[in-house]
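So the structure is just underneath, and the comments pick up after that.
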Amino acid sequence: MYNDVYHCVLSVDGVWDNWIYEDVTKFVLDKSCIQAVMESNNPNGNGAVRVSQAFMHRNMIFSKRNFGRSADNATGILLYISPSHDFPI
């Protein structure tokens, strides 16, 4: 759909303890995630929020599986960048 979409994931160790870089890339550049972000251009669109929430929810599942009750806190920012004119700003 968009071959020129770049991403940056800024997050704390509570995320990176559970993911490898390649899997994060697969998640945030999945076709469904890009489509959700594109919907953020609509007046009622909240696709970018949904992608962020889904990423953090998946991280919570991973952290409970990997660390149980001693899982670390997690904070993250997802940034999408594209030179396409119709990509959300």
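Not measured: the values here are computed from a predicted model.
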* Shared ILVMFWY cluster between Y21 and V5, side chains joined below 4.5 angstrom? -> yes
* To do: Check step by step if side chain to side chain contact (heavy atoms under 4.5 Å, CB included) holds for Y6 and L79.
  => CA-CA 8 Å; Y6 304 96; L79 172 67; over 6 Å; no
* Out of T25, V24, I20, which residue meets the side chain to side chain contact (heavy atoms under 4.5 Å, CB included) rule with E22? -> I20
* Asked: Please walk me through it: do H7 and L78 pass side chain to side chain contact (heavy atoms under 4.5 Å, CB included)?
  -> CA-CA 7 Å; H7 69 287; L78 304 179; over 6 Å; no
* Asked: What are the two closest heavy atoms between V15 and A74, and how far apart are they?
  -> CG2-CB, 3.9 Å
* Nearest heavy-atom pair of M56 and T75: which atoms, and what distance? -> CE-N, 3.9 Å
* To do: Would you confirm whether Y80, through its side chain, and V28, through its main-chain N or O, come within 3.5 Å as a donor-acceptor pair?
  => yes
* Say you draw a straight line from CD of E39 to CD1 of I34; how long is it, rounded to the nearest 0.5 Å? -> 12.0 Å
* side chain to side chain contact (heavy atoms under 4.5 Å, CB included) between D13 and D72, intermediate numbers included -> CA-CA 8 Å; D13 63 335; D72 202 354; 3.1 Å; yes
* Where do W16 and V9 come nearest, in terms of heavy atoms and distance? -> CZ2-O, 3.8 Å
* Euclidean distance, K26 NZ relative to C33 SG, rounded to 0.5 Å -> 14.0 Å
* Asked: Is there a donor-acceptor pair closer than 3.5 Å between any side-chain N or O of N59 and the backbone N or O of F55?
  -> no
* Which word best sums up how the rings of W19 and F27 line up, parallel for under 30°, tilted for 30 to 60°, or perpendicular for over 60°? -> perpendicular
* Asked: Measuring from R65:CZ to N18:CG, what's the distance to the nearest 0.5 Å?
  -> 8.0 Å
* **R50, CZ: over 12 other non-hydrogen atoms inside 6.0 angstrom** => yes
* Structure fact -> Minimal heavy-atom distance between S11 and G76, with the atoms involved, is CB-CA, 3.8 Å
* Asked: Taking all atoms of both residues into account, what is the closest heavy-atom pair of A36 and V51, and its distance?
  -> CB-CG2, 3.7 Å
* To do: List the atom of N66, the atom of D17, and the distance in Å for their closest heavy-atom pair.
  => ND2-O, 4.5 Å
* Asked: Rounded to the nearest 0.5 Å, how far does CE of M38 lie from OG of S82?
  -> 8.0 Å
